Amino acid sequence: MAKLPYEILNKKRTDCSLDEGDIQAIVAGATDNSWSDAQLAAFLMAAAIHGLDDAETHHLTMSMLESGDQWNLASEIPDLVDKHSTGGVGDKVSLVLAPMLAACDIPVMMLTGRALGHTAGTADKLEVIPGLDLALDRRRTLDLLESTRLASGIATDSIAPADRHLYRLRDQTGTVESIPLIVASILSKKLATGASALVFDVKTGSGAFMVERDDARKLAGLLARVSISMGRHASSLITDMSQPLGDWVGHRCEVGESIECLEGRGGREVIDVSIALAEELSGHIGSTVTRNDLEATLTSGRAKEAFERWALAQGADPKWMARPDLTLAPVEVVLEAPRTGYVKTVDTKSIGLLMVEAGAGRATPTDEIDDGVSLRYLTRLGHRVEAGQELGRLYLRRDDPSLATAFLNCFEIGDEVEPTPLILERISPAEQL
């Protein structure tokens, strides 16, 4: 006989592990609304306080995955790969990584997301390109993969519907930061498309959701372990987000920087992270593609050609693709170092939140994004600067001295510091089993 919600909730409240049937009942209740919001919120709070072990996290992920459509694309595209980033400020890696892989004949399908908190979403960045259609179904995705080796879209309403209900309640109940709940939410959508291999870019530092490296390590390990338990090849890289990634922050300028990277120019940090993640995926499918091969796709122009071929196939305006409109907001503000010294810290999360305040993100789901609002990041942690030297340059829609001051206050100039490495750690599958 099926257990009542009260029995399952009492079991978790007393810190007992839930079995597969318990978790299936919770997810079914979230999908068909047979569990009230109060009951689901009670489960989320108990899970956040007591945690979920690997088996519980596996069952939660599987049940949420099975609550909706599963495309199983790897049954027709066996070496299909995917990448997920936990998000950061200036993180445009997906726009570089995917065309590089496609140029190496490695098929990649990415479900992209919207802005979340202080981080911008890849879907919002891609919508800078007029005509680009991110609403994909399985058949169209397969057609794109066969013709361009690349597809990118947003999750349909029929993929992991239980996650949408639970995520809304997580936001309301202060349980967003629970690592097992994060893993189940990410993987229930990522695994729905059916890639055979995944790599996770887990950010840590002042601009990351996982500010502390130990928390990032826990998330990175659990993402990979649960993926492996569900039959995928997977690994994680922990990468630095203690400063913006690359030279630009803002939707239109990040698309522009991504195009520069695909031409072998652009922010070196973006290229380095993209190549490191691409190497991981290449290894998972037994490909012989090397770092030199990936670099060559940029310098030869093949990665940019792959990007253009994919974008046009997915509906991009040919006129825009031939001459991209990357006009920035008109009010230019220079951020100058207040004193001589070294760039000691950058409050990267505050930069992201200030970008939202300036119009470059959403404070509420219905807000419009001003994709011309931008920040050019002109320094790096550990760099020596002179008083009056440019740290960055803002492009705003309005003249707002208090906003400019708030941006400047995100930079701390102090004594010499040792810069943090860009790639901090690799969490390997062997360590996760």
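What you see is a predicted model; the values in this text were computed from it and never measured.
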Is there a salt bridge (charged side-chain N to carboxylate O under 4.0 Å, His left out) between R291 and D272? Walk through the geometry before answering.
CA-CA 10 Å; R291 181 182 183 87; D272 286 344; 3.3 Å; yes
For R252 and D370: C-alpha separation, side-chain torsions, deciding distance, then whether salt bridge (charged side-chain N to carboxylate O under 4.0 Å, His left out) applies.
CA-CA 9 Å; R252 193 176 298 177; D370 186 334; 5.8 Å; no
Given the rule in the salt bridge (charged side-chain N to carboxylate O under 4.0 Å, His left out) test, do D214 and R217 qualify, once you have shown the distances and angles that lead to the verdict?
CA-CA 5 Å; D214 282 348; R217 186 179 291 112; 2.8 Å; yes
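Side-chain contact of K83 with S94: a donor-acceptor pair under 3.5 Å is present, judged by distance alone. A donor atom on one side chain and an acceptor atom on the other are not found under 3.5 Å apart for D79 and S287. With hydrogens and angles left out, the side-chain atoms of S185 and D163 include a donor and acceptor closer than 3.5 Å. Side-chain N/O atoms of N292 and T290 include no donor and acceptor closer than 3.5 Å. Side chains of D19 and H59: no donor on one and acceptor on the other come within 3.5 Å. In this structure, a donor-acceptor pair under 3.5 Å is absent between the side chains of D347 and T345.
The nearest pair of heavy atoms linking S235 to I427 is CB-O, 3.6 Å.
Ring orientation note: the planes of F209 and H118 are tilted relative to one another, at an angle of 30° to 60°. In this structure, W248 and Y395 have tilted ring planes: the angle between them lies in the 30° to 60° band.
Between the side chain of T379 and the main chain of L391, no donor-acceptor pair closer than 3.5 Å is present. A side-chain donor-acceptor contact under 3.5 Å links K92 to the backbone of G90.
Rounding to the nearest 0.5 Å places CD1 of I129 at 5.5 Å from CE of M321.
Atom CZ of R376 sits in a sparse spot, with 12 or fewer heavy atoms from other residues, nucleotides or ligands closer than 6.0 Å.
A salt bridge is absent between D22 and K12; no separation between the charged side-chain nitrogens and carboxylate oxygens falls under 4.0 Å.
Tested against I77, the residues T141, L145, V108 include a single side chain to side chain contact (heavy atoms under 4.5 Å, CB included) partner, L145.
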